[in-house]
Protein chains: 2
Amino acid sequence: MDMSGALLVVDDDVDVVRAARLALSLRHEKIDALNDIGTIELQVAATNYDAILLDMNFAAQRRDGSQGMDALSRILATDPDVSVILMTAFGSVNVAVEALKRGAVDFILKPWANDKLEASVAAAVDSTRRRRAAAGNLDIETLEKKAIEAALARAKGNLSVAATSLGLSRPALYRRLSKYGLLP
Amino acid sequence: MDMSGALLVVDDDVDVVRAARLALSLRHEKIDALNDIGTIELQVAATNYDAILLDMNFAAQRRDGSQGMDALSRILATDPDVSVILMTAFGSVNVAVEALKRGAVDFILKPWANDKLEASVAAAVDSTRRRRAAAGNLDIETLEKKAIEAALARAKGNLSVAATSLGLSRPALYRRLSKYGLLP
DNA sequence: CATCGGGTGTCCGATTACGGACGGTAGATG
DNA sequence: CATCTACCGTCCGTAATCGGACACCCGATG
């Protein structure tokens, strides 16, 4: 499985950016860096990143992670399908939980173990790709087929119940079962 | 907004169950308890709970949370729409992150603050209800309307692009826009 | 046993949906 | 200016879909 992706590392500490490149460049060809969250929306809108590594603090005295949380929201508003991994040296259980509840896909404490970072990024890239594929899979027939499969599963194979929940008559459902190759 | 829900507290410590009832019974009429995860699937299959509070350790020497993680998976396999809040006295950032990545909606450290527990449960009940409502909203027209709205948003109002991504001809899309009241 | 309720599979006259084609607009380009 | 490209809104001959109705089956019940 090819997990090479386009990554963005957002951190004002150049050593962190360097360490991340070192850990990830063997496997990922494109690793952009951004040291200031002020233009994060522009950057994210301009490139379909596969994963974003986002630090949580961007001012010397800040440790509460609120800047990273804010940036997370802005990133996801700009590109709802991208996976964001938050990074911090000052993590607590509460901050970690809050980050994930707000949509981060993972949370990495600094200093990280390289194999852990690699695994997290690989999973994030995979996640993003699945999300993009699903979002691109919008044709009416695919959605209809999936809905019918879901309704059948929920109705435990009862065709009458499934037809009702789908808002279809039974003959209409039979036609679709035949059309989509779902007949037993 | 009525947030009274059917709750299940899964913990082998009767003091925890008692404390949870005390904190939550003013607002929630049904609070079941289960002290052993062995029959968790049966319990969850028998009742449409709105939220489940799940301890992470069920044996005296166990602190790693693996029993709770296992139970979480089993609960979600049985009822994919229910919100599960994990609880433990031995939480770490890694355990918390792993819990949320596996599908828990929140993570509470013991001993908890009652207002925090209440808020978490209220959000979980709301979440579960939204999930159930969405799962029950399976009629073909609703799904089709939503798909069209999503495609229009992605295509930034470009009808030709939206029609193509939906697998429809432009006249077919126009008919649906008219049918669903989506014409500008 | 007969009856009821719930479900299955199919048919056919009526209705609706389909998409290629037409005519038009707007912006970019030489 | 003329041309091209991309998009918009609509039409109409053809094709497909619609759902009430029919016949049947199965399990539960009196």
Side-chain angles (χ1 to χ4, degrees), chain A residues 6 41-49 77-82 131-184, chain B residues 6 41-49 77-82 131-184:
Chain A
E41 286 103 328
L42 284 180
Q43 188 83 7
V44 168
T47 305
N48 265 13
Y49 290 109
T78 306
D79 181 355
D81 298 325
V82 75
R131 230 173 275 125
R132 294 209 204 278
N137 216 343
L138 276 177
D139 75 281
I140 294 286
E141 288 196 357
T142 300
L143 296 175
E144 188 174 61
K145 184 183 177 186
K146 282 182 184 172
I148 288 166
E149 285 170 329
L152 284 177
R154 277 191 171 258
K156 298 185 172 68
N158 183 325
L159 297 182
S160 296
V161 171
T164 300
S165 72
L166 290 163
L168 298 173
S169 65
R170 282 194 300 105
L173 177 58
Y174 277 108
R175 276 191 291 273
R176 287 163 171 75
L177 292 176
S178 178
K179 176 183 176 183
Y180 298 130
L182 300 174
L183 276 173
Chain B
E41 287 103 330
L42 283 182
Q43 187 85 8
V44 169
T47 305
N48 264 12
Y49 289 108
T78 305
D79 181 355
D81 297 325
V82 75
R131 229 172 274 127
R132 295 209 202 276
N137 215 343
L138 275 178
D139 74 283
I140 294 285
E141 289 197 353
T142 301
L143 296 176
E144 188 175 61
K145 184 182 177 184
K146 282 184 185 169
I148 288 167
E149 285 170 327
L152 284 177
R154 277 190 169 256
K156 298 184 172 73
N158 183 324
L159 298 182
S160 295
V161 171
T164 300
S165 73
L166 291 162
L168 299 171
S169 66
R170 281 195 301 108
L173 177 58
Y174 277 107
R175 275 191 292 275
R176 285 163 174 75
L177 293 175
S178 178
K179 177 183 176 185
Y180 300 129
L182 299 174
L183 276 174

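In what follows, chains are A, B, ... by sequence order, proteins preceding strands, each numbered from 1.
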Taking the side chain from T164(B) and the backbone from S160(B), do they hold a donor-acceptor pair closer than 3.5 Å? yes

Derivation and outcome, side chain to side chain contact (heavy atoms under 4.5 Å, CB included), residues E149(B) and Y180(B): CA-CA 10 Å; E149(B) 285 170 327; Y180(B) 300 129; over 6 Å; no

For residues 151-167 of chain B, the salt bridge (Lys or Arg N to Asp or Glu O under 4.0 Å) pairs (sequence neighbours left out) are D81(A)-R154(B)

Measuring to OP1 and OP2 of dA16(D), would you say a side-chain N or O of R176(A) lies under 4.0 angstrom away? no

For nucleotides 8-12 of chain C, print each protein N/O atom paired with a nucleotide N/O atom at under 3.5 Å, atom names and distance only.
unit_1 : atom_1 : unit_2  : atom_2 : d
dT8(C) : OP1    : L159(A) : N      : 2.9
dT8(C) : OP2    : L159(A) : N      : 3.4
dT8(C) : OP2    : S160(A) : N      : 2.8
dT8(C) : OP2    : S160(A) : OG     : 2.8
dT8(C) : O4     : R170(A) : NH2    : 3.2
dG9(C) : OP2    : Y174(A) : OH     : 3.1
dG9(C) : N7     : R170(A) : NH1    : 2.9
dG9(C) : O6     : R170(A) : NH2    : 3.0

Rounded distance in Å - CG (L182(B)) to C1' (dG9(D)): 16 Å

Rounded off to whole Å, could you give me the CG-to-P distance for the L173(A) and dT17(D) pair? 14 Å

Yes or no on side chain to side chain contact (heavy atoms under 4.5 Å, CB included) for L152(A) and L159(A), after CA distance, side-chain angles and deciding distance? CA-CA 7 Å; L152(A) 284 177; L159(A) 297 182; 3.5 Å; yes

Let me know the distance between CG of L166(A) and P of dC18(D), rounded to the nearest Å. 12 Å

How many Å lie between CG on L168(A) and P on dA17(C), as a whole number? 14 Å

Verify side chain to side chain contact (heavy atoms under 4.5 Å, CB included) between I148(A) and L182(A), making sure each step is shown before the conclusion. CA-CA 9 Å; I148(A) 288 166; L182(A) 300 174; 3.8 Å; yes

Can you measure I140(A) atom CD1 to dT17(D) atom P for me and round it to whole angstrom units? 15 Å

Of all the heavy-atom pairs spanning L173(B) and A162(B), show the shortest one and how long it is. CD2-CB, 4.2 Å

Please report the distance, rounded to the nearest Å, between CG in L177(A) and P in dC18(D). 12 Å

